[in-house]
**Q** 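My questions all concern the structure below.
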Number of protein chains: 2
Amino acid sequence: MNLLFKALADPTRRQILEQLRIKDRSAGEIANAFDITKPSVSHHLALLKQAQLVMAHRKGQSIIYSLNTTVFQDLLTWIYTIKDPHSPKKDGEGE
Amino acid sequence: MNLLFKALADPTRRQILEQLRIKDRSAGEIANAFDITKPSVSHHLALLKQAQLVMAHRKGQSIIYSLNTTVFQDLLTWIYTIKDPHSPKKDGEGE
DNA sequence: TAGATATTTAGAAAAACATCTAAATATTAA
DNA sequence: TTAATATTTAGATGTTTTTCTAAATATCTA
């Protein structure tokens, strides 16, 4: 959960997710959309992958990144728990 | 939106929210629940307030903090937009 | 296999962040 | 008004994060 929130805390990383929402893209295509260097974008992609927000697979020379929406469910669950004062605090919450 | 995500990125701050979910608390009550100093907690509370995740009002010597759940709606909207590939990208997104 | 393209890893520098102690401010009670 | 309690502000310090350049790895094509 902490990796997820940390991953979402950076605006560049959120923009990457917003790009992948439209369609899958290679690391290079993603990097070209930003003013920072490719190694920096590569680092952001690594953090997004660690948080399981994206998945990656090689296709020829390129590595294609795609969004993994399944982890957003954890986030939604956390938000709804906070929002609803009557919901019981479940095991495992709070790291 | 960036302040919101930044605010949620710290585990101590998320725990504060989880406490306020149950009931309103004074800064001191909140601080006592953590192993860090009161000034540090005070700083976290200031960031949560900046992000509008909490509200504060003085009651005698104490300052009572309470959860403001309305901003979570922005977060939900962002998540659902990312999750649904067909939803249009709205104005103002991506900071 | 050699050269070109795509991406990542390593290591360093700069910026942002969390935390601390000491001092300041606000409120209450004696 | 003085002392006590609650909280915040200021300023310093250490840690984490973002970013960079240079070099390494992987794949494809000639």
**Q** Which part of the nucleic acid, if any, lies within contact of His43(A), taking any heavy atom under 4.0 Å across all strands shown: a base, the sugar-phosphate backbone alone, or nothing?
**A** base
**Q** Regarding Leu47(A), tell me which of base, sugar-phosphate or nothing describes its non-hydrogen contacts under 4.0 Å with the strands shown.
**A** sugar-phosphate
**Q** Map Thr12(B) and Ile64(A) onto DNA chain C by nearest heavy atom, then report which one ends up closer to the 5' terminus.
**A** Ile64(A)
**Q** What nucleotide, of dA18(C), dT7(C), dT7(D), holds the atom closest to the side chain of Ser26(A)?
**A** dT7(C)
**Q** What is the nucleic acid contact for Tyr65(A), judged by heavy atoms within less than 4.0 Å: base, sugar-phosphate only, or nothing?
**A** sugar-phosphate
**Q** Is the backbone of Leu8(A) close enough, under 3.5 Å, to the side chain of Arg14(A) for a donor and an acceptor to pair up by distance?
**A** yes
**Q** Taking Asp84(A) for the side chain and Tyr80(A) for the main chain, is one N or O donor matched with an acceptor at less than 3.5 Å?
**A** no
**Q** Are Lys38(B) and dA6(D) close enough that a side-chain N or O sits under 4.0 Å from OP1 or OP2?
**A** no
**Q** Using only side-chain N and O atoms of Thr37(A), determine if any of them is under 4.0 Å from OP1 or OP2 of dC20(D).
**A** yes
**Q** Check this for me: does the side-chain of Gln61(A) come within 3.5 Å of the base of dT5(C) through a donor and an acceptor?
**A** yes
**Q** Give the nucleotide from the list dT8(D), dT7(C), dA18(C) with an atom nearest to the side chain of Asp10(B).
**A** dA18(C)
**Q** Please give me the minimum heavy-atom distance between Leu3(A) and Ala51(A), naming the atom from each residue.
**A** O-CB, 3.7 Å
**Q** Closer than 4.0 Å, any side-chain N/O of His44(A) to the OP1 or OP2 of dT17(D)?
**A** no
**Q** Taking atom types as modelled and ignoring hydrogens, do the side chains of Trp78(A) and Glu18(B) form a donor-acceptor contact shorter than 3.5 angstrom?
**A** yes
**Q** Between P on dT21(C) and CD1 on Ile36(B), what's the gap in Å once rounded to a whole number?
**A** 12 Å
**Q** State whether Arg13(A) places a side-chain N or O below 4.0 Å from either non-bridging phosphate oxygen (OP1 or OP2) of dT18(D).
**A** yes
**Q** Surrounding CD of Gln52(A) (heavy atoms of other residues, nucleotides or ligands, distance under 6.0 Å), is the total greater than 12?
**A** no
**Q** Regarding Ser62(A), tell me which of base, sugar-phosphate or nothing describes its non-hydrogen contacts under 4.0 Å with the strands shown.
**A** sugar-phosphate
**Q** Output the single nucleotide from dT8(C), dA26(C), dT19(C) whose closest atom is nearest the side chain of Ser40(B).
**A** dT19(C)
**Q** Starting from the 5' end of DNA chain D, give me the residue, Asp35(A) or Pro39(B), whose nearest nucleotide shows up first.
**A** Pro39(B)
**Q** With a cut-off of less than 4.0 Å, is there a side-chain N or O of Ser42(A) near OP1 or OP2 of dT7(C)?
**A** no
